[in-house]
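Contents: one structure, followed by commentary.
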Amino acid sequence: MSDILSSLNSAQKEAVLATKGPVLILAGAGSGKTKALTHRIAYLVEHEKVSPFNILAVTFTNKAAKEMKIRIQKLLGSTYDFPFSGTFHSVCVKILRKEIELLGYNQRFLISDGSDQLQVIKESMKYLNIDPKQFNPRAVLGAISSAKSEMVGAAEYANLAVGHFQEIVTKIYYEYDKRLKESNALDFDDLLLKTVEIFNKFPEVLEKYQNQFHYILVDEYQDTNHVQYLFCKKLSAKHKNICVVGDDWQSIYSWRGANYRNILDFHKDYPDAKIIKLEQNYRSTKNILEAAHNVIAKNIERTDKKLWTDNESGLPVILYEAFNEKEEGQFIIAEAGRLEKQGYGLSDIAILYRTNAQSRSLEEELLKFNIPYKIIGGVRFYERREIKDLLSYLKFIYSGTDWVSFKRIINLPARGIGAKSLEVFENFARNNNLSLMDALSRVEDTNLQDKMKKGFSEFGNMAKQLVSLSNVLGVADFIEKVIIKSGLKSYYDDGSVEGDSRVENLEELISVAREFEEASSGLGLGEFLEQISLLSDIDNYSDESKSITLMTMHSAKGLEFPVVFMVGLEEGIFPHSRSSFSEEEMEEERRLCYVAMTRARKRLYLVYASNRMLYGGISSNPPSRFINDVPSHLMTDFTTRTVELKEPSFDIKAGDKIRHAKFGTGLVVGVNGEEIDVLFDSFGLKRLSSVFAPVEKIN
DNA sequence: AAGGAAGACTTTTTT
DNA sequence: AGTCTTCCTT
């Protein structure tokens, strides 16, 4: 037990020892809140003999949950499992798999992702004769989603609807929900909403879980929405052992319904709540912390606090004006070279940007100079077309009810079934009240042309075959069969480079499934699909490989890096132009800036470009207002020093022979500024940076 | 029904 | 600039 307490400061210790009753931990950036949480859970288990089964620990990402488990296991020195630690969504899925039949769903429900949702919205609008040009389907989906996160169902929405837009949304909301239910599918918001709905309608079920979860811990409480708030409140109503951790300064998800007031209002629900403040920062240098503080201090709507640190002052924050987005990347590459000489590795470096689209130019430069990197987020693996296709097959086979998936794959590869015949088939199923599978086996009764009937019934036969295969094969072997039997492989394998990469991706999913099988003995297709749906980008991130990390500032939440480059600090990019309409959104941008800055431990670079390619044209935006908020004594402008930085360390001209640390010897065939083209003896032609690349001249 | 071409539209951030 | 849509041709 002394182990559990000895490494904590007094506030952290207090957070660990206050096990009974409601506790609010206000934890500033880098103040060791994960430490406090893990030690608290370890203390509960070891000292208070609480079974892990009785602990509910909610984190923001699956990765955070996993890390927490590992840290607790290290503390306890044994292999305790914590079955109820995970994201709100994953915990709710666990509950719903047991209870959802109460709401008339089948227990084998599927989870619809964003693009599925949009598809259903579009179909619903078409069915209702609503013009998608007049009402943007994404805006409609957004309205429905925020209603759901406020615990407002279609019927209540109808009552509350004001104005034409909301009346239209009401109609679509009903139709959308109806279609999801027909497919036995839940969207992300439903996972939370339906769980709370069950708690509301079935008190005995609620009581069962109240009795189970003696202790409830919630991380990143500033980013919970209303439904999540209700979920916590209801579950903790009996034992009242609820401990929430958060920082209103780091609330960056209000656009998806999060409300940092949940933190500020905690004491209203629990007047006797113990409030503990963690204000000592262990992460950053004094300069970085001070700079970040000056940025956030401009916000009006915030609690008052001041983080402090015992760390050294460190270097000033480095400011750099690049000529354009290309040069932005080149500056980082040159700096990375200098940093490497000072003992930093590539995995110590993160590049953070506001929008995913910004990664492309950076990626191009890194590629050009052969710098290893990894990108978190962006075009996700699971959203690639071929993967969505394959997953649609899997979802359709697994559920037998999923119309969204069915429509995606019925004519993929082409089976001669177009929109018209699909419509006939759909009406046939609707009018006769047939399930999707039943309708498929009764295609003969439709008034489709014989050719179409054949197409449908052949598809139906294949589906039946796959269903029986799914019952006998392991997930990975089954997926392998699906890729062949569906015809997806031959469809994509057209000999083109693009086709090759698509087939490669299809096969990559087999490996993902193999790993899944190894990690989880006895779990099947349903669990595999579920795990994939609930995965976030950051969940797959590991910092082991020697490469620079690129991600959005949002994704960086909860992480830290010795060196952080914040790029694209220009008005219109960051703060984003869409935020300039409301003061609230601008404050959120500012919080995002604070979050990004406080990721840095030793070095922080603020980079902006005077010209930037945007929407196919060049635009020039003034430097971000956030740069002006950093006092000049904490910042040094590197821009004037570029020439010096970019000067090649030695003279290289065409015709020189060089040696590269990795590629061996080669001949310089061209010099273009800081870029050199080298024909390597065994690696062929490569373009390198003469500043950064580990090359030396030989004679 | 399918493939191709011109045109619109994009880019916030994500479980 | 790249991707997604829609319309047009076969």
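These numbers come from a predicted model, not from an experiment. Labels below follow one simple rule: chain letters A, B, ... track the order of the sequence lines, proteins then strands, and each chain is numbered from 1.
- In this structure, Y127(A) has its ring center no closer than 6.0 Å to that of Y176(A).
- Residue K63(A) places none of its side-chain N or O atoms closer than 4.0 Å to OP1 or OP2 of dT14(B).
- Between L534(A) and R138(A), the one whose closest nucleotide on DNA chain B sits nearer the 5' end is R138(A).
- Rounded to whole Å, the distance from CG on L614(A) to P on dT10(B) is 13 Å.
- Checked against dT13(B), dT11(B), dA1(C), the side chain of R578(A) finds its nearest nucleotide in dT11(B).
- Distance alone, capped at 3.5 Å, places no donor-acceptor pair between the Q531(A) side chain and the F528(A) backbone.
- Taking atom CD of residue E364(A) and atom C1' of nucleotide dA1(C), one finds them 10 Å apart after rounding to whole Å.
- The residue K451(A) sits apart from the nucleic acid: no heavy atom pair falls under 4.0 Å.
- Atom-to-atom, NZ of K326(A) to C1' of dA1(C) comes out at 14 Å; the value is rounded to the nearest Å.
- No donor-acceptor contact under 3.5 angstrom links the side chains of S149(A) and D189(A), judged on distance only.
- Distance, Q117(A) CD to dT15(B) C1': 10 Å, rounded to whole Å.
- Annotation: of the two residues near DNA chain B, S555(A) and R360(A), the 5′-most nearest-nucleotide partner is R360(A).
- We find that CG of L118(A) is positioned 17 Å from P of dT14(B), with the value rounded to whole Å.
- A donor-acceptor pair under 3.5 Å is absent between the side-chain atoms of N299(A) and the main chain of E301(A), judged by distance alone.
- N62(A) places its CG atom 15 Å from the P atom of dT14(B), with the value rounded to the nearest Å.
- Classification of the H554(A)-Y253(A) ring pair by plane angle, with boundaries at 30° and 60°, yields perpendicular.
- Aromatic pair F425(A)/F406(A): ring centres closer than 6.0 Å.
- Protein atom CG of L352(A) is 13 Å distant from nucleotide atom C1' of dT13(B), rounded to whole Å.
- The listed nucleotides are dT11(B), dT13(B), dT15(B); the one nearest the side chain of N356(A) is dT13(B).
- The ring of F88(A) does not lie on top of the base of dT15(B); it is either too far (5.5 Å or more) or too tilted (30° or more).
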Per-pair distances, 0.1 Å, donor-acceptor, side chain in residues 91-99 of chain A, under 3.5 Å, sequence neighbours excluded:
unit_1, atom_1, unit_2, atom_2, d
K94(A), NZ, P83(A), O, 2.7
R97(A), NE, E530(A), OE1, 2.8
R97(A), NH1, Q107(A), O, 2.9
R97(A), NH1, F109(A), O, 3.0
R97(A), NH2, F109(A), O, 3.3
R97(A), NH2, E530(A), OE1, 2.9
E99(A), OE2, K208(A), NZ, 2.7
E99(A), OE2, Y209(A), OH, 2.7

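- dT13(B) atom P lies 17 Å from atom CE of M586(A), rounded to whole Å.
- Using a 4.0 Å heavy-atom criterion, one finds that E220(A) contacts no nucleic acid atom at all.
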Protein proximity profile, nucleotides 1-9 of chain B - base contact B, sugar-phosphate-only contact S, no contact -, cut-off 4.0 Å on heavy atoms: SS-------
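- Among the protein residues, Y253(A) comes within range of the sugar-phosphate backbone only, with heavy atoms under 4.0 Å from sugar or phosphate atoms but none that close to a base.
- Using a 4.0 Å heavy-atom distance criterion, R385(A) is classed as making no nucleic acid contact.
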